[in-house]
Amino acid sequence: MESFQLLMDGFATALTPVNLLYALAGVTLGTLVGVLPGIGPAMTVALLLPITFTVPPASAFIMFAGIYYGGMYGGSTTSILLNTPGESSSMITALEGNKMAKRGRAAQALATAAIGSFVAGTIATALLVVAAPLVVDFAISFGPEDYFALAILAFTAVSSVLSRSVVRGLASLGLGLVIGLVGIDQQTGQARLTLGIPQLLDGIDVVIVAVGLFAVGEVLYVASRLRHGQPEVIPVGRAFLGRSDWSRSWRPWLRGTALGFPFGALPGGGAEIPTFLSYSIEKRLARGVAREEYGKGAIEGVAGPEAANNASAAGTLVPLLTLGLPTSATAAILLAAFQQYGLQPGPQLFDHNPALVWGMIASLFVGNTMLLVLNLPLAPIWARVLQIPRPYLYSGIVLFAALGVYALNSSWVELVILYILGLLGFAMRRFGLPVAPAVIGLILGPMAEIQLRRALAIGAGDVTVLVRSPIAATLLVISLLALFTPLIRKVAARRGA
């Protein structure tokens with residue numbers, strides 16, 4: 001009942017005219033960028049970070065939440081109409097969605113994706129309301145060694161899951177940790193890695209790193225692989241579902257939601273695994289006409305994965321808000337946004353800023369409704385957005401990123417750092433290093449260092465203090481499993497071959 005009352009207070013915050021406007025802007029921008037190939041919600045939130053300094057925190061996070069949900073839906077439009085997933089989590093949608101579009105059923109594919117996103121997002125947000133206070137109560141008992149172990153879990157899980165190679169994931173993490181060391185040591189007052197540049201004494205702003213690695217790096221990489229000519233977009237009318245489509249879609253929506261939410265809440269769980277599992281389950285359960293249509297455009301193969309995709313987005317917010325633990329690239333950028341406002345997600349955030357947290361959660365219900373109202377009638381307009389010439393689009397993003405970063409402190413040094421990080425982001429993509437571990441290393445690295453020093457100080461320098469707590473020991477064991485499981489699988493696969 002206390003959670004319900006807090007949620008009602010959150011609706012009072014989210015339903016003010018100003019915050020409704022921010023929510024509408026968020027879902028519209030999120031859908032827009034989700035539709036465009038190569039531009040996801042992580043990049044959009046990163047781009048908007050510099051220009052939200054003057055926006056109240058509650059309004060900013062309501063808009064960011066709208067971008068997150070909108071971006072998760074928008075990727076399905078590109079998958080269905082272009083067979084080009086805008087996000088990795090939309091790859092499964094392309095398998096059946098594009099085949100439906102080629103059979104003249106693009107409207108039905110877009111409709112089941114939109115309604116499935118609404119159903120899954122609403123149910124998963126309700127689960128978030130229930131789960132978040134329980135995790136907060138558990139997290140209150142955490143000590144310094146527990147938070148250090150939690151950071152190690154985040155490092156290993158994200159490095160091993162978000163990368164095709166554990167070594168590359170750890171290399172990216174190392175880059176982020178090194179960037180996080182730049183500046184004055186908070187305990188000794190010594191300057192570290194500043195190269196004698198006064199502007200680096202306060203460290204490299206996480207906003208600059210996020211914009212450089214995600215936005216500028218992604219644009220440079222996509223531009224380097226730009227193909228000449230416009231892609232062929234399948235025409236689409238107003239999205240709608242017939243009676244048969246409804247009866248074939250509602251069960252996959254519910255099963256996809258049940259898969260997506262818990263995977264999103266797991267460190268390194270993401271949306272890729274539940275979308276793939278949902279597709280596999282729906283294919284096995286298919287009977288009659290549905291079984292014959294698999295591989296030719298089965299609506300169940302769009303409904304289930306899209307529901308899992310959006311449910312995982314709400315699941316991602318559970319560890320982010322309650323523990324300060326990001327489990328996806330967009331969650332890492334949201335964590336950077338919290339730090340921009342001087343806030344640290346965790347149990348204290350619920351106690352000290354309840355209006356912000358519950359206003360953001362309530363806005364997810366509002367944003368889901370807005371997405372449904374927007375996307376069903378506006379599907380033809382989103383299809384036209386795909387015709388924007390890529391050179392104009394990407395050059396505009398680079399210019400917008402530069403203006404936003406320069407507006408922070410009017411420093412040309414920060415502008416140079418932005419482009420250096422942009423080139424680093426391009427090189428990381430070129431050689432297969434994931435970007436998310438670098439950002440997570442930058443954000444959580446200083447926190448992990450402080451908690452490690454505190455734990456060792458409490459234990460008088462005894463290293464075993466790091467494993468005396470049952471919570472810390474359990475988290476470290478899980479970290480080892482997350483780190484070595486992919487390696488064991490590869491070795492087993494080679495022996496089997």
Q: Return the minimal non-hydrogen interatomic distance between Met100 and Ile299, and the atom names on each side.
A: SD-CA, 3.7 Å
Q: Where is the tightest heavy-atom contact between Thr122 and Phe365, given as atom of each residue plus distance?
A: O-CE2, 3.6 Å
Q: So, Thr275 versus Asn309: side-chain donor-acceptor pair below 3.5 Å or not?
A: no
Q: Would you kindly say whether Tyr69 and Thr31 are connected by a side-chain donor-acceptor distance under 3.5 Å?
A: no
Q: How would you list, by chain and number, every residue that makes a salt bridge (charged side-chain N to carboxylate O under 4.0 Å, His left out) with Glu96, sequence neighbours excluded?
A: none
Q: Grab the two heavy atoms, one from Thr13 and one from Ala58, that are nearest each other, plus how far apart they are.
A: CG2-CB, 4.4 Å
Q: Restricting to non-hydrogen atoms, name the atom on Ala314 and the atom on Ala124 that form the minimum distance, rounded to 0.1 Å.
A: CB-CB, 3.5 Å
Q: For Ala65 and Ser363, which heavy atoms make the closest approach, and how far apart are they?
A: CB-OG, 4.2 Å
Q: Rounded to the nearest 0.5 Å, how far does OH of Tyr22 lie from OG of Ser59?
A: 5.5 Å
Q: Sorted by first residue and then second, give each ring pair (Phe, Tyr, Trp, His ring centres under 6.0 Å) pair with at least one member in residues 312-344; sequence neighbours left out.
A: Phe61-Phe338, Phe61-Tyr341
Q: Under 3.5 Å, which donor-acceptor pairs link side chains of residues 343-356 to any protein atom two or more places apart or in another chain?
A:
none

Q: Step by step, work out the side chain to side chain contact (heavy atoms under 4.5 Å, CB included) result for Leu200 and Ile417.
A: CA-CA 10 Å; Leu200 293 180; Ile417 293 173; 3.5 Å; yes
Q: In Å, rounded to the nearest 0.5 Å, how long is the span from CE of Met360 to OH of Tyr68?
A: 9.5 Å
Q: Could you work out, with side chain to side chain donor-acceptor pair (under 3.5 Å) as the rule, every residue matching Asn368, not counting sequence neighbours?
A: none
Q: Closest heavy-atom contact between Ser278 and Pro305?
A: OG-N, 3.3 Å
Q: Filter on side chain to side chain donor-acceptor pair (under 3.5 Å), then keep only pairs touching residues 418-429, sequence neighbours left out; what's left?
A: Glu218-Arg429
Q: Go through it in stages, so that I can follow the logic: the residues are Met428 and Leu175, the test is side chain to side chain contact (heavy atoms under 4.5 Å, CB included), and I'd like the CA-CA distance, side-chain angles, deciding distance and then a yes or no.
A: CA-CA 10 Å; Met428 292 173 69; Leu175 286 173; 4.2 Å; yes
Q: Once you round to the nearest 0.5 Å, how far does CG of Leu20 lie from CD1 of Ile62?
A: 8.0 Å
Q: Could you give the distance from CG (Leu424) to CG (Leu433), rounded to the nearest 0.5 Å?
A: 9.0 Å
Q: First locate atom CG of Leu128, then atom CD1 of Ile123, and finally report the distance between them rounded to the nearest 0.5 Å.
A: 14.0 Å
Q: Kindly indicate, with the supporting measurements, whether the criterion side chain to side chain contact (heavy atoms under 4.5 Å, CB included) is fulfilled by Val366 and Phe11.
A: CA-CA 9 Å; Val366 178; Phe11 273 112; 4.2 Å; yes
Q: Which residue pairs pass the side chain to side chain donor-acceptor pair (under 3.5 Å) test with at least one member in residues 253-265, sequence neighbours excluded?
A: Thr112-Trp253, Arg255-Glu282
Q: Mind running side chain to side chain contact (heavy atoms under 4.5 Å, CB included) on Asn310 and Phe261 for me, showing each step along the way?
A: CA-CA 8 Å; Asn310 282 268; Phe261 182 80; over 6 Å; no
